[in-house]
Asks: 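Below: one structure in structure tokens.
Bear in mind the structure is a predicted one, so any value in this text is a computation, not a measurement. All residue numbers refer to positions in the sequence shown, counting from 1.
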Amino acid sequence: MVTKSLPLAKAINEALRAALESDPKVLLMGEDIGKLGGVFRVTDGLQKDFGESRVMDSPLAESGIVGTAIGLALRGYRPVVEIQFDGFVFPAYDQIVTQLAKMHARSQGKVRLPVVIRIPYGGGIGAVEHHSESPEALFAHVAGLKIVSPSTPSDAYWMLRQAIRSDDPVIFFEPKRRYWDKGEVTVPDSGSAAGESTPGELHEARVAREGTDLTLAAYGPMVKVCLQAAAAAEEEGRSIEVVDLRSVSPIDFDTIQASVEKTGRLVVVHEAPVFFGSGAEIAARITERCFYHLEAPVLRVGGYHAPYPPARLEEEYLPGLDRVLDAVDRSSAY
């Protein structure tokens, strides 16, 4: 194994490269992912090294991209497709929820569709309309899909490797404003076996910071904000535990429960709107599981129930350090 310091985007690139090298059935497809290397250069150099038959530039047709991936999976391939931006996924929503998510159940387990859909999501990059959305709850509501989102380069590498190996469809939400955040990634060296053991299970949450007074639970882009909030709260004498959920469907409720039983308080944080967001499901489940341990209601911090605003207003829309700390204060006041 070799340890490298990589930006999150480069870690994804290396995971894709490793998957292409280890399995000839892995194919990449998406808008501008080949010659250009993707809008964020995440797939840079892959078409040059693996050819146009394995790293394919597609037409601007998201429904066609996902529909083609379903057909390829039915013929034994493992397609990994990119939706260029979060807000572009909706033309493919029908294919994803009525075909990709349902085929395994419809065939009574005879057909599996090992398709990975990579979606850069979330705000913070000053983009225009339809380029900064967080639609994860829409897909988490659909049985038959796995929904994950890494927060670190290490998780980006290993979770993508695991997603590609999965026989079930996985939607891999990439926090685009974290693409350039660096971190240590331990990857297999050239002599390691293709099935090298991974640091943890794909849908297993991790405790990113230990604490005793309150639990912050988040995933993807908000984990960094929660860690910053925990560091700020420590200066005021509060010990905050941060749980990185990593997976939105399924959710590792056992890890959250163990943390809340210790701290007695929970604040769930995500960029997506609070209204009908994934935090609502977590709040309800943890209230059921931890009723006699909770010292305060489970609180939620997220985006507003409104269309994502123009770039100059997005810092007001996105949950930041102050809004997370305000929720910590409100929970602690009980």
Side-chain angles (χ1 to χ4, degrees), residues 6-73 75 77-93 95-96 100 113-122 125 127-128 130-133 135 139 147-150 153 155-166 169-180 185 187 220:
L6 298 173
L8 191 144
K10 181 62 175 175
I12 293 171
N13 180 283
E14 295 223 358
L16 293 171
R17 178 177 295 278
L20 287 162
E21 288 174 345
S22 64
D23 187 350
K25 293 294 187 181
V26 172
L27 305 174
L28 309 187
M29 183 169 54
E31 298 164 6
D32 299 318
I33 71 163
K35 289 182 174 61
L36 181 65
V39 171
F40 297 100
R41 305 301 185 264
V42 172
T43 53
D44 189 40
L46 297 180
Q47 187 181 80
K48 174 179 174 292
D49 293 340
F50 294 94
E52 294 183 11
S53 63
R54 296 194 66 197
V55 182
M56 294 170 276
D57 283 312
S58 72
L60 303 182
E62 286 77 16
S63 180
I65 292 170
V66 175
T68 302
I70 292 170
L72 286 166
R75 295 303 297 259
Y77 290 94
R78 290 184 175 272
V80 182
V81 303
E82 178 184 295
I83 302 297
Q84 196 170 71
F85 282 93
D86 36 53
F88 298 175
V89 73
F90 299 111
Y93 191 76
Q95 290 280 10
I96 294 170
L100 187 62
L113 294 178
V115 176
V116 176
I117 301 177
R118 295 179 41 246
I119 306 178
Y121 83 120
I125 64 166
V128 296
H130 304 311
H131 290 66
S132 301
E133 298 174 17
F139 295 100
I147 317 297
V148 300
S149 180
D155 270 353
Y157 178 88
W158 285 109
M159 290 171 68
L160 186 53
R161 294 294 307 274
Q162 290 167 305
I164 295 171
R165 292 189 194 121
S166 173
V170 180
I171 300 185
F172 196 85
F173 279 103
E174 300 169 6
K176 66 171 83 78
R177 65 165 155 156
R178 305 298 180 211
Y179 270 150
W180 303 276
V185 184
V187 302

Asks: List the atom of Pro79, the atom of Ala69, and the distance in Å for their closest heavy-atom pair.
Replies: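 Residues Pro79 and Ala69, closest heavy atoms: CG-O, 3.3 Å.
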Asks: Would you call Tyr77 and Pro114 a side-chain contact if the rule is heavy atoms closer than 4.5 Å?
Replies: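 Result no, sub-4.5 Å side-chain heavy-atom pair not found.
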Asks: Which is it for Leu72 and Arg75 under the side chain to side chain contact (heavy atoms under 4.5 Å, CB included) test, yes or no, and what are the steps along the way?
Replies: CA-CA 5 Å; Leu72 286 166; Arg75 295 303 297 259; 5.9 Å; no
Asks: Taking side chain as C-beta onward, heavy atoms only, is Glu52 less than 4.5 Å from Lys35?
Replies: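 A side-chain contact under 4.5 Å exists here.
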Asks: Which atoms form the tightest heavy-atom contact between Ser63 and Pro91, and what is the distance?
Replies: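 In terms of heavy atoms, the two residues are closest at CB-O, 3.4 Å.
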Asks: My understanding is that only residues two or more places apart in sequence, or in another chain, count here; which of them pass side chain to side chain contact (heavy atoms under 4.5 Å, CB included) with Pro150?
Replies: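 With sequence neighbours excluded, Pro150 shows a side chain to side chain contact (heavy atoms under 4.5 Å, CB included) to Asp155, Ala156, Met159, Phe172, Pro175, given in chain and number order.
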Asks: Could you please spell out the steps behind the side chain to side chain contact (heavy atoms under 4.5 Å, CB included) verdict for Val81 and Arg118?
Replies: CA-CA 6 Å; Val81 303; Arg118 295 179 41 246; over 6 Å; no
Asks: Mind checking whether Phe85 and Phe88 have parallel, tilted or perpendicular rings, split at 30° and 60°?
Replies: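 Taking Phe88 first and then Phe85, their aromatic rings stand perpendicular (interplane angle over 60°).
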Asks: If every non-hydrogen atom of Ala19 is compared with every non-hydrogen atom of Arg161, which pair is closest and at what distance?
Replies: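 Looking at all heavy atoms of both residues, the closest pair is N-NE, 4.2 Å.
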Asks: Would you mind reporting whether Tyr157 and Ile12 have side-chain heavy atoms less than 4.5 Å apart?
Replies: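 Side chain of Ile12 against side chain of Tyr157, heavy atoms only: no contact under 4.5 Å found.
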Asks: How long is the span from the CD atom in Gln47 to the CG atom in Leu36, to the nearest 0.5 Å?
Replies: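 Atom-to-atom, Gln47:CD and Leu36:CG are 10.5 Å apart.
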Asks: From Met56 CE over to Thr68 OG1, what is the distance, rounded to the nearest 0.5 angstrom?
Replies: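 It is 9.0 Å, given to the nearest 0.5 Å.
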Asks: Over all heavy atoms of both residues, which pair between Trp158 and Val187 is shortest? Give the atoms and the distance, please.
Replies: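 Of all heavy-atom pairs spanning Trp158 and Val187, the closest is CZ2-CA, 4.2 Å.
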Asks: Drop me the distance from Leu100's CG to Ile70's CD1, to the nearest 0.5 angstrom.
Replies: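 Reported to 0.5 Å precision, the distance equals 5.0 Å.
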Asks: Any side-chain heavy-atom pair from Asp86 and Pro135 closer than 4.5 angstrom?
Replies: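 Yes - at least one pair of side-chain heavy atoms lies under 4.5 Å apart.
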Asks: Look at the rings of Tyr179 and Phe40 and say which category their plane angle falls in: under 30° parallel, 30 to 60° tilted, over 60° perpendicular.
Replies: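 Rings of Tyr179 and Phe40: tilted, as their planes differ by 30° to 60°.
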Asks: Looking only at heavy atoms, what is the nearest atom pair of Thr43 and Gly38, with distance?
Replies: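 Between these two residues, the closest heavy atoms are OG1-N, 3.5 Å.
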Asks: As an exercise, state the distance from CG of Leu16 to CG of Leu46, rounded to the nearest 0.5 Å.
Replies: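 It is 6.0 Å, given to the nearest 0.5 Å.
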Asks: Do the non-hydrogen side-chain atoms of Lys10 and Asp44 ever get within less than 4.5 Å of each other?
Replies: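 Of all side-chain heavy-atom pairs linking Asp44 with Lys10, none is under 4.5 Å.
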Asks: Donor-acceptor check, side chain of Arg54 to backbone of Leu20, threshold 3.5 angstrom: yes or no?
Replies: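 The answer is yes, because a donor-acceptor pair under 3.5 Å joins these two groups.
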Asks: Contact between Ile171 and Phe173 at the side-chain level, heavy atoms closer than 4.5 Å - yes or no?
Replies: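 A side-chain contact under 4.5 Å exists here.
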Asks: To the nearest 0.5 Å, what is the distance between CD1 (Ile65) and CD (Glu82)?
Replies: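 One gets 8.5 Å once the value is rounded to the nearest 0.5 Å.
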Asks: Considering all heavy atoms of both residues, which atom of Ala73 and which atom of Val115 are nearest to each other, and what is their separation?
Replies: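 Looks like CB-CG2, 3.7 Å.
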Asks: Determine whether a donor-acceptor pair (N or O, by modelled atom type, separation under 3.5 Å) exists between the side chain of Lys176 and the backbone of Gly122.
Replies: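 Yes; at least one donor-acceptor contact below 3.5 Å.
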Asks: Could you list the donor-acceptor pairs under 3.5 angstrom formed by side chains in residues 23-34, with sequence neighbours left out?
Replies:
from, atom 1, to, atom 2, distance (Å)
Asp23, OD1, Lys25, N, 2.9
Glu31, OE2, Ala61, N, 3.4
Asp32, OD2, Gln84, NE2, 3.2

Asks: Can you pull the salt bridge (charged side-chain N to carboxylate O under 4.0 Å, His left out) pairs that have at least one residue in residues 12-21, sequence neighbours excluded?
Replies: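 Qualifying pairs: Lys4-Glu14, Arg17-Asp49.
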